[in-house]
Each structure stands twice: as structure tokens, then as C-alpha cells.
Amino acid sequence: MSQKSKKHHEPFIHIVKRDELAPAKAWGIRIGAIVLGVLLIGLISSILTGEGFFEVYEIMFRGVFGRLFEGKTNMLWKFLQDTAILLCLGLAVAPAFKMKFWNCGAEGQALIGGLAGMFCMIQFGGKLPEFFLVPLVIAVSIIAGAIWGVIPAIFKAKWNTNETLFTLMMNYMATQLIAYYVYIVGGGSNVINPVSTGALPVIGNLQYLTNILIVALLTVAVYVYLKYSKQGYEIAVVGESQNTARYIGINVKKVVLRTMMLSGAICGVAGMLLVAGTDHSINTNTVGGQGFTAIMVAWLGKFNPAIMTLMAGLIIFLRTGAAKVADLNFLNSSFADISVGVVILLLVGCEFFIQYSVRLRHGKKGV
Amino acid sequence: MANQAAIELKNITKTFGSVVANKNVNLRANRGEILSILGENGSGKTTLMNMISGIYFPDEGEIFIDGEPAVIASPKDAFDYKIGMIHQHFKLVDVFSAAENIILGLEEQGRYNLKAAEERISAICDQYGFELDPKKKIYTMAVSEKQTVEIIKVLYRGADILILDEPTAVLTPQETQKLFAVLRRMREDGKCIIIITHKLHEVLSLSDKVAVLRKGEYVGTVETAKTSEAELTEMMVGKKISLNIERSEPKDAQVRLEVHHVDCSNREGTLVLDDVSFHVNAGEILGIAGIAGSGQRELLEVIAGLQKSDSGAVLYHNPKTGNVDNLQNKTPLQIRELGVRLSFVPEDRLGMGLVGNMDITDNMMLRSYRRGKSAFLERKGPKDLAEKIIEDLEVVTPGATTPVRRLSGGNVQKVLVGREIAASPTVLMAAYPVRGLDINSSYTIYNLLNQQKEKGVAVIFVGEDLDVLLELCDRILVIGSGKVTGILDGRTATKEQVGLLMTKTEGGEQK
């Protein structure tokens, strides 16, 4: 028989599972990762552009907030609006992800919500009084988003289809439906001219304030729902263990359907805010891929709306700021995405160091 | 080579933390021989075989293959020594054909040649008398066919030491006979076969030698021809040990729960509960004894409404209304709405009974969160309950806000049992409630069950330690392969009686 006397060497580094890090320490590591990421972006930018290291941050800040210190707040409002929309989509996917239902269809659900709102604005604009039309636009958008969201859940409950693929495919369907609608309404130009009937009211002369307030309310509502409501508790139990859920008599399918309806409905709100709140028009790029970025917001914020708000702000800041750096130095527009990617990669990667610690080889042990 | 053992283990010890899975085990198996490893559930049979097949590495002791010391650090090393293990749970890719599964992961020289492989597989089938179509996809196969694929997989890799982990657990008696015929042919071919089992009659009809393990320790090896069922049972269960668990006389014996002719089949369509009938009285502890996987889990889940049964009835005698309700195929929620106060401590504590990532308070809430009409949670009551349980049952925890997964096994169980008892049940079912617990925690649990019994609760206790069952329970129901093989009085029954009933299966009676 083959003679084997393999010598086993102790590897150079050991990866050891940590006992459980105190939450404060874990957040320390995460904040460290963000700081590292931001420094890295500054370094890369300054190497690529020849700008000084600190100048890069100045450009980024100006790119995001404009001449804020000179009393000009218009850029700040734009920043808050972008954060609000991303956060709104994040709030939509958070309950689904907390339930471990991988809703990758926020993009499509928001588009369909927006499309339904647009349809009402165009069809009933001028025919119905505004005080009736605006609530109708809001309601129809929410319902459309909810329906788009619940369809994959129905298939999942009935035939156990894969929700990730299903929701992704539904995004393409939504995009195509909008392309078709734009073709019909806009004719050859492929553009829908802005429609002001049925649009959300503007508070004062601040274009974005309505949207921001709605999302702020929604953030509090989702926080309370997830943390203090019975339904939120059921979502947590189903997400943690379907066996436990069944054991205590939770109807898992019902919870899945209900939560996906909610998730789609909030996406519908986001679509409505974009269409009736700001754009007053729609095209296939209205949501602009933020339905996917929103998944990062939800995960990075650990499904806690308060932290998610900070994460959404961070992502928008990096993206807008890096875009400005790219713009001034004739870099490719992908530079913004790369910058956001660097920070997110570090943030996700640091979870490894929260779960495990790395130890160097020490002395030789038997065997 | 003539007198040399194909495989020999010397003083093998393996511990997992504080649990000793194997202690100083010695074993010898020759070529052309079938060795049975016999032992109760948790006696360390599978751990031992996993060390031979390279899944675990022994802490102490040596393994010799054909007289040479061997280091088996991975399943690949085991293959190099021509050791093949057939696991209890098959490891096959469903959408692949039999042949594709068999050659999967083989690093052979030359081009990938499925056709040649299929021919070789057919040749192996002919040699040993298997029936298998190499082109058949796994997902279309019956359990016995999947097992055949697993066996051929190791033969294809040239294994001549085969280890089978409870191969007959999933087979019908006819399929078992076929398997045994194949194994005998392999023995004639000079292969060394080790089979893990707890079915006595199989041991006696198939093997040449029997090695017995009990609670991780090696009891001895006997030649099958020179032993008897009674001797093996005694070796397996050991002599009776006194535990001094107090047991009061049941007071007011009225029937609380009746199970009538319940049949239940699993997803593969095999019967896991076969015509099960019994009753439980208020104020008594009914023990359920049996080899693991004989249908205990399914039985409790059928009663709790977590699993559908094919036929039969589960009747609950409501002490408040005097009504008799049939709980069969009702959901847990419907059962509760009927006013049945049924508490259930499941076997899988963190996977079913509790949510590991939630704190003790939120875990208390699992049972009670629906109370009240408000859409919001009421955390005050669960928090008080959590603190009361921590104090009363001496749960060691930093506080009520610690996630339960961070507690030790015994404390997790106290939290779970505490919650289930707090629901003031009329029927309390506990599956392996002391598994993995230290002595003190175990006694806490026994006392809690006894208190419930004295309060007039009908207690069903599924256990694995026969000493405990015999001292704690008023009556003991023995279940074997999904059938009730006997109901004994806990005060007069002996360990041997229970042991024999546990291993009694259909095939066994003819012997």
C-alpha cells in the first residue's frame, strides 16, 4: 500500500472566528473602512488628475454642496432630493431583504409606479380637478408598484420560483412597457413633454421640499413598522427562521405576500415622487439604476432606516462629488461609479474583519 | 498479508469541546469480512467512521491500514488508502446522471469520456449484481437507487474498504435483502466491509463480527456466530444506573390526548409513521423511546400541526369544555384557536423553538405577540417573563437583551422550556430536552417536567437515555421504524425489554 507520511505545516496566517464583537467596536471598524475608502478615492483622484490631495476633497464638496457657505442652498436641496429618492427605494427593499426575500426588482416596481402616475397625469389632466387628481396619481402609483411587487411573491408562494431572477426579469418588462408608452405618447420624438397637471404641490418655491418631507415621514414610518409592529416582528421571524415561524403558527406565505406588496408600494411612492414630484415626465432611465444601489443602502444600513439615511447620503455625496472631479478633469463618467464602488467594497469587505480575526503563525504544534 | 487486518484502530479518542465522542476505541477488520458497528444513537459510531474516511482527525490514537500506520487528514487521503464511505445522507447532484455523479471530481488522465465511464459502471454492476442505469438522472431515482449510485461511486474509485453508515435506514425490507446480497458478494471478492447499524437482526444475519460502542466507549467485539440478541442488547445499553429522579404517582388519570391509527409519509413517499395509536393521560409523563429517526419527530410534529398526516385522528379532550376535538391536519394557529393549550419543546432548539439572533425578550414574544388588538407589539409582558425565567431557572446570561444564540446549550434550553411552560399548557411535548445538557441543567429540566405533571399536564417526553426514561416516565411507548412496538409501565420495565423493542422491526420477528 502507498506509504504516506505527509507533513502538515501550520499555515502562515490563521483565520479565527471572532467571539462576537461589541456593536460599538463593529461600527468602529465600519467607520474606519469608510474613512479608508474616502482617503483612497482622494489618493486615486489626485494621482489621476494631478490635483492636490486636499484640493480633491474641496472639489468634491463644492460639487455636492456648491457655494453653500456663501448662502446658496440650491445644490444642498438637490443633494437632499437625490438622497431622499435613494433612501426611499432603500426603505422599500429593506422589509423584503429582512425577510430574506431577495427583491431585486425595486427598479421595475418604481418605474411601474411612475408609469401609472404618468398615465393618470396625462389621461385625466384637465378633466379632473387638481384636488382630486393629485391623490389619484399618488394612489394609483402606489397600487401599481404593489401589484408589480406582489407578482413574484405569488409565484414564489405557489410554485417556489426563484425571486431573484423573477424580480430581475420584471425590471426588463417594466422598462419595455415604459419604452412603449413613451413611443405612443411622445410619437417619433421618444420624449414625453413635461405635464404639470396632477403634479405634487410645491411648498414655497422649494422644488424638492415636498419629496424630502414625504421620504422623511416614510423613514420614520418604516422604522416604527419594522421595530414596533406585530407585522414587523413577523417579518423578522420569517427572515431568521421559517421553521420557527411555522412552529409558532405564522402563515409564512401570507407574510411574504404582504411584505412584498408593501415593498412594491414603497417603490411605487419613489416612482411617484420622481414623476409627479420632480420630472413631470417619464423615460426608461427615470429611476437610473438606483433600485439596485438601494439594495446596498438597505444592507449597509442593516435594515435600520436611521443608518440607511446616513448610507444613502454617503453614497450620493461620493457619487456627485466624484462626478464633479471627473467633469473638471475630463475623466470618464464612470469615475463616479468607481469611487462609490471603492467605498462600498471596503465597507462590505470589512465585515470579514468583524466576523474573523487574523492571527500570525506562532510556534509549531504537534501532528 | 494473510493474517493482517485491512484496517486497525488503536486507542482512538476524539472530543468536541467538552463532549467526548470516542474514547480509546480499538477496532480490527479483515479483508473478506463484514464488521458491524453496533450502538445506540449518540454512541459515537458515525464520528468513528468519519475519522476513518478523513472527515475528522482523531485527537489521539493511531490508524493502521494493512499494518502500516496511516495519516488520513482528508477524504482524498482516505481515497488514496482505498477507503470509501457511503453516508447516510446522499451527496449527489440531482440534475446529473448516475454516471456523471460517479465520475464527478475524479482527476483522471486523458479526455473526459462519459461513454467509457458508463461501460465501466455497467461492468461493476454485473460483477456485484447491482441494478442501475448509468444514464438515469438522480432526481428521477428512488432512494435505493441513489444509494446504489453512492456505493458504485466508491467502488469506481477502487475502494476495497467500504464503510456504510446506516444503509438500511432508508430501505424497504426487500431492498435491504438485495443490498445484503450485494454486500455478501463483495465480501467474497475480498473486500472489507464495515456497516454501521442499530438493527440487531441485520447484524445477526449479515455480519461476521460485531463491535459494540456505548456512549463513545468501546465495549468489545464479538463473533456473530457465538453471540445472541440478548447479549448484544446488554452490551449496547449497559447495566441499569440509578439516577434518583423523583417520580410521583399519577393522581387523576383522565385521558387528555388520543392518537388513533395515524399514518404519515415523508416527501419520498415512505411511511414514517405506520398505524400509530396511543393515549396520554393528564398528570402523567409518557416517555417515547426509540432509535433516532424512528418517527419520533414526525409524531410530535403531527400532533403540533406542523406536519400533515395521511390518515388517522388526533383527539384532544378539552378539560374546560369537555369537548373532544380532532387536531389532525390543523395548523398550529387553528389548534390554538380551538383552545388547545399545547406546548412543544422541539428537538431543534435554535432552528425551530427559538430565533437565535433575537434576544430573550423577543423570543418570549414568539408565543404571545399576537395578544391584543393593537397593531403594535407589547414588550412589557415578555420582558417581565424573560426576567422571571432568568431568575427562576437560573439562566446564565448578561441580560434579557442578549441574543439567545450566545447562550450555552443548557441556558438556551431553559429559556425555551421556561417559555413553553409559561404558556400554562395542558399538553407539553418535549423532544430530547436534555440532549447536550450538563447534569445540573438536565435535573432542572426533569424537575420542571415533574412539576408540570403534578399540575395535571399531560407530558410527552421523547428521550434517548433509557436510564432517564425508566426513572422519569410513568409509561414508556417504544417506537421502531414508525410503528409502536410496545407500551410498557415505566415502574416495572427493564432496560433490556425497552432495548429489544427498540430494535424490533418487521424483519426481526422471523429470527
Side-chain angles (χ1 to χ4, degrees), chain A residues 1-11 17-24 26 97-100 160 220-255 258 262 302-304 355 365-367, chain B residues 1 4 6 57-59 64-74 77 80-82 160 301 304-307 330-337 344 346 348-358 362-363 365-379 402-403 405-406 419:
Chain A
M1 189 67 47
S2 63
Q3 277 180 351
K4 298 198 72 170
S5 54
K6 278 189 186 168
K7 283 204 173 146
H8 297 279
H9 287 292
E10 195 181 342
K17 188 122 173 58
R18 270 188 208 266
D19 196 26
E20 185 95 21
L21 217 52
F97 275 81
K98 191 165 186 192
M99 194 176 65
K100 304 237 162 80
N160 198 25
V220 176
V222 171
Y223 182 80
V224 171
Y225 178 78
L226 287 178
K227 194 149 187 207
Y228 297 107
S229 81
K230 290 180 179 174
Q231 297 192 355
Y233 181 72
E234 288 183 333
I235 290 173
V237 175
V238 170
E240 289 288 346
S241 161
Q242 296 212 357
N243 258 336
T244 309
R246 266 189 285 271
Y247 160 77
I248 57 161
I250 292 177
N251 186 338
V252 175
K253 284 180 182 170
K254 193 176 123 192
V255 174
R258 187 179 69 204
L262 175 76
K302 309 270 172 245
F303 314 127
N304 178 337
Q355 299 281 336
K365 249 176 71 182
V367 185
Chain B
M1 230 32 192
Q4 198 144 75
F57 195 78
D59 297 339
F64 295 88
I65 308 281
D66 294 312
E68 302 277 349
V71 178
I72 307 173
S74 73
D77 291 355
D80 291 341
Y81 287 115
K82 304 196 170 192
D160 51 17
E301 291 192 356
L306 296 171
Q307 181 145 349
K330 291 220 164 35
T331 65
L333 203 58
Q334 286 170 327
I335 290 176
R336 193 156 341 145
E337 278 159 3
F344 179 23
D348 187 357
R349 292 160 204 165
L350 287 175
M352 184 184 256
L354 300 166
V355 178
N357 279 330
M358 287 186 174
D362 280 13
N363 269 296
M365 217 150 60
L366 282 171
R367 276 279 181 228
S368 60
Y369 82 95
R370 284 193 192 83
R371 262 181 227 154
K373 287 215 172 97
S374 159
F376 293 99
L377 296 166
E378 189 269 311
R379 275 199 172 82
T402 309
R405 101 189 112 80
R406 292 179 63 186
R419 186 192 71 203

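Labels below follow one simple rule: chain letters A, B, ... track the order of the sequence lines, proteins then strands, and each chain is numbered from 1.
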Using non-hydrogen atoms only, which part of Gln242(A) is less than 4.5 Å away from chain B: side chain, backbone, both, or neither?
neither
Chain B contact via Ala245(A) - side chain, backbone, both or neither, heavy atoms under 4.5 Å
neither
If you count heavy-atom pairs under 4.5 Å with chain A, which of [options] comes out on top?
{"options": "Ile72(B), Asp362(B), Thr331(B)", "value": "Asp362(B)"}
{"options": "Ser374(B), Gly67(B), Gly356(B), Gly305(B)", "value": "Ser374(B)"}
{"options": "Gln334(B), Glu378(B), Met365(B)", "value": "Met365(B)"}

Under 3.5 Å, is there a donor-acceptor pair between the side chain of [X] and the main chain of [Y]?
{"X": "Lys230(A)", "Y": "Lys373(B)", "value": "no"}
{"X": "Tyr233(A)", "Y": "Leu366(B)", "value": "yes"}
{"X": "Ser229(A)", "Y": "Leu377(B)", "value": "no"}

Please identify each residue that fulfils ring-ring contact (aromatic ring centres under 6.0 Å, His included) with Tyr225(A), with sequence neighbours left out.
none
Partners of Tyr223(A) by ring-ring contact (aromatic ring centres under 6.0 Å, His included), sequence neighbours excluded?
none
Between Ile248(A), Asn251(A), Ile250(A), the one whose heavy-atom pairs under 4.5 Å with chain B are most numerous
Ile248(A)
Heavy-atom check, side chain of Glu240(A) versus side chain of Leu354(B), under 4.5 Å:
no
With heavy-atom distances below 4.5 Å as the criterion, would you say the side chains of Tyr369(B) and Val237(A) are in contact?
no
Where on [X] is there a heavy atom nearer than 4.5 Å to chain A: the side chain, the backbone, both, or neither?
{"X": "Arg379(B)", "result": "side chain"}
{"X": "Ala304(B)", "result": "neither"}
{"X": "Arg349(B)", "result": "neither"}
{"X": "Met358(B)", "result": "side chain"}

Using every non-hydrogen atom in the two residues, find where Gly249(A) and Pro332(B) come nearest and quote the distance to one decimal.
CA-CB, 3.9 Å
Considering all heavy atoms, the nearest Gly351(B)-Ser241(A) contact:
O-OG, 2.8 Å
To the nearest 0.5 Å, what is the distance between OH on Tyr247(A) and CZ on Arg367(B)?
4.0 Å
Should the heavy atoms of other residues, nucleotides or ligands under 6.0 Å from CZ of Arg371(B) be counted, would the total exceed 12?
no
